[in-house]
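Here is the naming used below: chain letters follow the sequence lines, and residue numbers restart at 1 for every chain. Because only heavy atoms are used, hydrogens play no part in the values below, and waters and symmetry mates are left out as well, while side chains stay in.
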Protein chains: 2
Amino acid sequence: MPLSFEGVLADRSTWRLDNCSIGRSMEAIGTRSSMLVLREAFYGTTRFDDFVRRTKIGDAIVAARLKDLTDIGLFTKQPYREPGKRTRYEYLLTEKGRDLFPAVFALMQWGNKHLQGEDGGPLRLVEQGTGEPVVIGARTASGRDVDLEDLAIVAHGDWAGPQSD
Amino acid sequence: MPLSFEGVLADRSTWRLDNCSIGRSMEAIGTRSSMLVLREAFYGTTRFDDFVRRTKIGDAIVAARLKDLTDIGLFTKQPYREPGKRTRYEYLLTEKGRDLFPAVFALMQWGNKHLQGEDGGPLRLVEQGTGEPVVIGARTASGRDVDLEDLAIVAHGDWAGPQSD
DNA sequence: CACCTGACTTGACTAAATAGTAGTCAGCCA
DNA sequence: TGGCTGACTACTATTTAGTCAAGTCAGGTG
């Protein structure tokens with residue numbers, strides 16, 4: 001059995017979650033187009049036409065996504081001006097947006113391993129400078145790797161009591 | 001600027017991806033219901049009615065998701081038999097399914113930090129036994145933490161040449 | 001000042017995900 | 001053997017995502 005529950009959560013039959021962070025995250029950013037826009041932003045793209053060209057998503061959807069993601073605080077709009085052009089806006093990741101990088105690259109890592117051919121997909125994450133391969137995974141604050149079997153879930157905050165239904 | 005590109009990828013204007021692993025992953029599992037079913041599976045749920053009860057998703061959708069996810073190889077169906085009942089099937093995560101745990105818990109971690117109130121959501125990941133907090137993030141093979149600014153992308157496999165359009 | 005361009009916006013439509021309800025069907029039990 | 005239960009399957013409706021084409025509009029250029 002993967003993963004264990006500790007404390008009041010130990011008996012899985014006595015509680016159920018209705019404000020699950022995974023569900024909320026998926027509601028906020030759980031579409032292909034959101035993820036591709038975020039991918040591009042992590043790749044350094046900031047301008048509308050670059051998002052459109054590099055994601056191959058239509059301009060209407062890119063515009064809608066940038067608006068949504070800006071509304072929920074993943075991007076900020078900064079005015080910029082190219083000589084001889086009028087003022088436009090570029091879309092810069094906020095901390096909230098940047099904090100998504102483990103999620104986005106975990107999907108890339110999984111896709112590389114399981115949805116591509118033998119070669120494992122076109123792109124790899126490495127550390128800048130050293131070129132060492134980079135892996136997205138779980139570890140403790142003190143730096144130990146943790147795999148699924150060694151994970152546990154604990155209740156946190158005021159939501160500490162099980163409630164059944 | 002977050003993240004850098006190395007080698008042939010250095011000039012972002014000369015290439016574009018059309019077999020991106022992030023896009024493929026989202027096509028395979030990029031729905032709220034898939035993620036919630038996977039969450040439950042990581043929590044140890046294996047049986048149909050438990051998935052239905054614990055996710056609050058309707059039985060029709062759970063059945064569809066379990067079928068999809070089994071078809072693409074994230075679950076296997078194993079027959080089981082309770083005394084006095086007929087044979088049913090339980091849904092067990094395959095390696096391909098288990099490999100998604102960084103992606104799923106990265107979403108949880110992000111949601112805890114950015115989509116919940118002050119308390120940061122109801123559940124926390126810790127290491128079994130020690131109770132140490134667990135974080136999903138990037139690190140090198142040799143165990144060093146890497147953050148976004150120190151990441152780089154390199155081309156891999158036969159897809160090594162830029163192609164523009 | 002008419003024209004053009006880039007960055008969106010709008011609208012019409014298709015496709016996919018989700019919700020809710022109503023079957024189906026294998027087999028245990030009376 | 002006829003009903004009951006649990007695990008699905010099928011159907012309809014609604015909502016959301018995505019495609020495509022056309023329209024808007026600020027402002028710089030000829």
Side-chain angles (χ1 to χ4, degrees), chain A residues 13 18 20 22-41 45-72 74-92, chain B residues 13 18 20 22-41 45-72 74-92:
Chain A
S13 69
D18 46 47
C20 164
I22 297 168
R24 290 189 179 190
S25 295
M26 286 303 286
E27 272 165 27
I29 52 157
T31 65
R32 200 182 82 102
S33 57
S34 293
M35 286 290 174
L36 294 184
V37 166
L38 284 166
R39 176 202 74 188
E40 273 311 309
T45 299
T46 60
R47 297 180 181 185
F48 182 79
D49 66 327
D50 289 331
F51 280 110
V52 173
R53 236 195 338 276
R54 292 177 175 157
T55 57
K56 266 189 206 145
I57 305 174
D59 56 356
I61 294 186
V62 169
R65 275 318 132 254
L66 286 172
K67 190 167 189 312
D68 293 349
L69 297 175
T70 302
D71 286 349
I72 63 176
L74 276 67
F75 287 106
T76 46
K77 280 171 83 163
Q78 290 296 11
Y80 71 95
R81 185 89 180 250
E82 301 239 304
K85 298 281 178 67
R86 66 174 150 137
T87 300
R88 303 286 185 185
Y89 293 88
E90 54 189 355
Y91 298 86
L92 304 175
Chain B
S13 70
D18 45 49
C20 163
I22 297 168
R24 289 189 180 190
S25 295
M26 285 304 286
E27 273 165 26
I29 52 157
T31 65
R32 201 182 81 102
S33 57
S34 293
M35 286 290 174
L36 294 184
V37 165
L38 283 167
R39 175 202 76 188
E40 273 311 309
T45 299
T46 59
R47 298 181 180 183
F48 183 80
D49 65 326
D50 289 332
F51 281 108
V52 173
R53 235 195 339 274
R54 291 175 177 160
T55 58
K56 266 190 206 144
I57 305 174
D59 56 356
I61 295 186
V62 169
R65 276 316 134 256
L66 287 171
K67 189 167 190 308
D68 293 349
L69 296 175
T70 302
D71 286 348
I72 63 177
L74 276 68
F75 287 105
T76 47
K77 281 172 82 163
Q78 291 294 16
Y80 71 94
R81 184 91 181 248
E82 301 239 303
K85 299 282 177 66
R86 66 175 150 136
T87 299
R88 302 288 184 186
Y89 293 88
E90 54 188 354
Y91 299 86
L92 303 175

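A side-chain hydrogen bond (donor to acceptor under 3.5 Å, both in side chains) with A/Thr45 holds for exactly one of A/Arg39, A/Arg53, A/Glu90, A/Glu40; it is A/Glu40.
Put simply, CD1 on B/Ile61 is 14 Å from P on D/dT9, counting in whole angstrom units. For the pair A/Lys67 NZ and C/dT9 P, the interatomic distance rounds to 7 Å; values are reported in whole Å. Taking atom CG of residue B/Leu66 and atom P of nucleotide D/dA7, one finds them 12 Å apart after rounding to whole Å. What separates CZ of A/Phe51 from P of C/dC8 is a distance of 11 Å, to the nearest Å. Here the P atom of nucleotide D/dA10 and the CG atom of B/Asp59 are 14 Å apart, to the nearest Å. A/Arg86 places its CZ atom 13 Å from the P atom of C/dT5, with the value rounded to the nearest Å. One interatomic measurement links the two molecules: CD of A/Glu27 to P of D/dT15, which rounds to 15 Å at whole-angstrom precision. Distance CG (B/Asp49) to P (D/dT9): 15 Å, rounded to an integer number of Å.
Between A/Leu66 and A/Phe75, the shortest heavy-atom distance links the atoms CD2-CE1, 4.2 Å.
Closest to the side chain of A/Ala63, out of C/dC28, C/dT18, C/dT9, is C/dT9. Closest approach to the A/Arg65 side chain among D/dG28, C/dA7, D/dA17 is made by D/dA17 (side chain taken as heavy atoms from C-beta onward).
Residues A/Lys77 and B/Arg88 both approach DNA chain C. Their nearest nucleotides, taken by heavy-atom distance, put A/Lys77 toward the 5′ side. Each of A/Asp68 and A/Lys85 was assigned the nucleotide of DNA chain D with the nearest heavy atom; the assignment lying further toward the 5' end belongs to A/Asp68. Toward the 5′ end of DNA chain D lies the nearest nucleotide of A/Ile57, the other residue of the pair A/Ile57 and A/Gly84 mapping further downstream.
B/Ala60 comes within 4.0 angstrom of a nucleotide base, judged by non-hydrogen atoms across all strands. Among the heavy atoms of the strands, none lies under 4.0 Å from A/Arg47. Counting non-hydrogen atoms under 4.0 angstrom, A/Ser33 reaches the backbone sugars and phosphates but no base.
Using a 4.0 Å cut-off between a side-chain N of Lys or Arg and a carboxylate O of Asp or Glu, B/Glu27 and A/Arg32 qualify as a salt bridge. Between B/Glu82 and B/Arg47, at least one side-chain N (NZ, or NE/NH1/NH2) sits under 4.0 Å from a carboxylate O, which counts as a salt bridge.
Between A/Tyr80 and C/dG6 there is no side-chain N or O to OP1 or OP2 distance below 4.0 Å. Applying the 4.0 Å criterion to OP1 and OP2 of C/dG6, one finds that A/Arg53 has every side-chain N and O outside that range. Using a 4.0 Å cut-off, no side-chain N or O of B/Tyr91 falls inside it from OP1 or OP2 of D/dA7. Remark: A/Thr31 is not in phosphate contact with D/dA17, judged by side-chain N or O atoms under 4.0 Å from OP1 or OP2.
Under the 4.5 Å side-chain criterion, counting only non-hydrogen atoms from C-beta, B/Ile57 is not in contact with B/Val52.
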